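This report refers to the structure that appears directly beneath it.
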Number of protein chains: 2
Amino acid sequence: MLSNTTVYGLRAMIHLANSDQDQYISISKMSEELKISFHFLTKILQKLTQNNLLVSYRGPKGGVRLSKKPEDISIYEIVIILETRPMFTECILGIPGCEDDAPCPLHEEWRPLRLQIERQFRATSLAHLAEKLEIFGKRLA
Amino acid sequence: MLSNTTVYGLRAMIHLANSDQDQYISISKMSEELKISFHFLTKILQKLTQNNLLVSYRGPKGGVRLSKKPEDISIYEIVIILETRPMFTECILGIPGCEDDAPCPLHEEWRPLRLQIERQFRATSLAHLAEKLEIFGKRLA
DNA sequence: TCGTTTTCGGATGCGCTTATCTTATTCAAA
DNA sequence: TTTGAATAAGATAAGCGCATCCGAAAACGA
């Protein structure tokens, strides 16, 4: 469903939303806590930084932090940046040009499901997920 | 969402449901009409044959045909056979051991969506899709 | 100014799915 | 019985996402 890259990015973002917003969090520390390869996580967070979801800072005491409040970041934004395929628009049979007025046989069944997934992703904020992490002790690794 | 293998398998099965059930359909002919590599399609249909969704016949006038009526084959069955990942049960954050009583932060949001996808896939038969193909002239390639 | 810490970004290697190729086997018709 | 048509199955290559590595640049502290 989601690529590894996206999954790692989501976990890292949830972790950041659950950390102190006023300081930069070191990528190496995060990679240890989330059990994600440091170099790989660096690559992923770079992409999120380039797309203005994160602010980075180099040097001692450096790291990354969220560019806006966790309430204002949806997991939809993260997925769109990290996922290479257009998962919220593509045809489930992979047929080029499949649209509402030129649909594949599965189009009518798939479209509402796809839309519902998109709505849920848009409606789910990092703050919401971080809160669950706090209250219910849910896991990221 | 679905692998290429599964997508090709689905298209071929819909095509078969839309063909004469009383004769074997040649894989080479099908590969031409669906614009799928012959050798690759062969591999996919072999797997469907091994899992008793198709019956094959070698030699002249050979090919494959559906093992039961198109009404009795759901796309769920096809996906389960061809998809390597357990897409109807796996955690969307890829966290091992994520379950109802040990959920990841996204678990509660994802579970109902996943279930709905599964229900839709179980409820959609090849006959239903083939009918659309007939009546509305929907495309497979 | 120098050394240390940390992110940045390009280059490289690995592994799995995808795709192709080749040989064997089966069956029907002439 | 021979020949050709067709699937079966294993071996092999290509492509891409995954993962790693390394040097460069930036920032801080001494």
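Predicted model, so just to flag it, every value in this text is computed and none were measured.
If you check every strand for non-hydrogen atoms under 4.0 Å, Glu83(B) touches nothing. The residue Tyr24(B) sits apart from the nucleic acid: no heavy atom pair falls under 4.0 Å. At the heavy-atom level, Ile27(A) lies under 4.0 Å from the strands shown only through sugar-phosphate atoms.
Remark: Glu131(B) engages no residue in a side-chain hydrogen bond (donor to acceptor under 3.5 Å, both in side chains) (not counting sequence neighbours). Residues meeting the side-chain contact (heavy atoms from CB on, under 4.5 Å) test with Asp72(B), sequence neighbours left out: Lys68(B), Lys69(B).
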Check nucleotides 19-24 of chain D against the protein and report each pair of N or O atoms closer than 3.5 Å, with its distance, or say if there are none.
unit_1  : atom_1 : unit_2   : atom_2 : d
dT20(D) : OP2    : Ser37(A) : OG     : 2.3

Stepwise side-chain contact (heavy atoms from CB on, under 4.5 Å) check, Ile95(B) with Arg11(A):
CA-CA 10 Å; Ile95(B) 290 176; Arg11(A) 289 195 216 166; 4.0 Å; yes

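In this structure, CD1 of Ile44(B) is placed 14 Å from P of dT7(D), rounded to the nearest angstrom. Rounding to whole angstrom units, CD of residue Gln50(B) and C1' of dG10(D) are separated by 12 Å. Rounding to whole angstrom units, CZ of residue Arg85(A) and C1' of dC16(D) are separated by 10 Å.
Considering CE of Met30(B) and NE2 of His15(B), their distance stands at 6.0 Å, rounded to 0.5 Å. Separating the CG atom in Leu2(A) from the CE atom in Met1(B) is a distance of 9.5 Å, to the nearest 0.5 Å.
Every pair passing ring pair (Phe, Tyr, Trp, His ring centres under 6.0 Å) that includes a residue from residues 31-59 of chain A is listed here, sequence neighbours excluded: Tyr8(A)-Phe40(A), Tyr24(A)-Tyr57(A).
The 5' end of DNA chain D is approached more closely, in terms of each residue's nearest nucleotide, by Pro60(B) than by the other of Thr42(B) and Pro60(B).
Ser28(B) has no side-chain polar atom (N or O) that falls below the 4.0 Å cut-off from OP1 or OP2 of dA5(D).
Shown here for Glu90(A) and Arg114(A), the closest heavy-atom pair between the two residues is O-NH1, 2.9 Å. Of all heavy-atom pairs spanning His107(A) and Cys98(A), the tightest one is ND1-SG, 3.2 Å.
With a 4.5 Å cut-off between side-chain heavy atoms of Ile, Leu, Val, Met, Phe, Trp and Tyr, the cluster of Ile135(B) takes in Phe136(B).
For DNA chain C, the contact window with chain A, defined by any atom under 4.0 Å from a protein heavy atom, covers dT5(C) to dA11(C) in 5' to 3' order.
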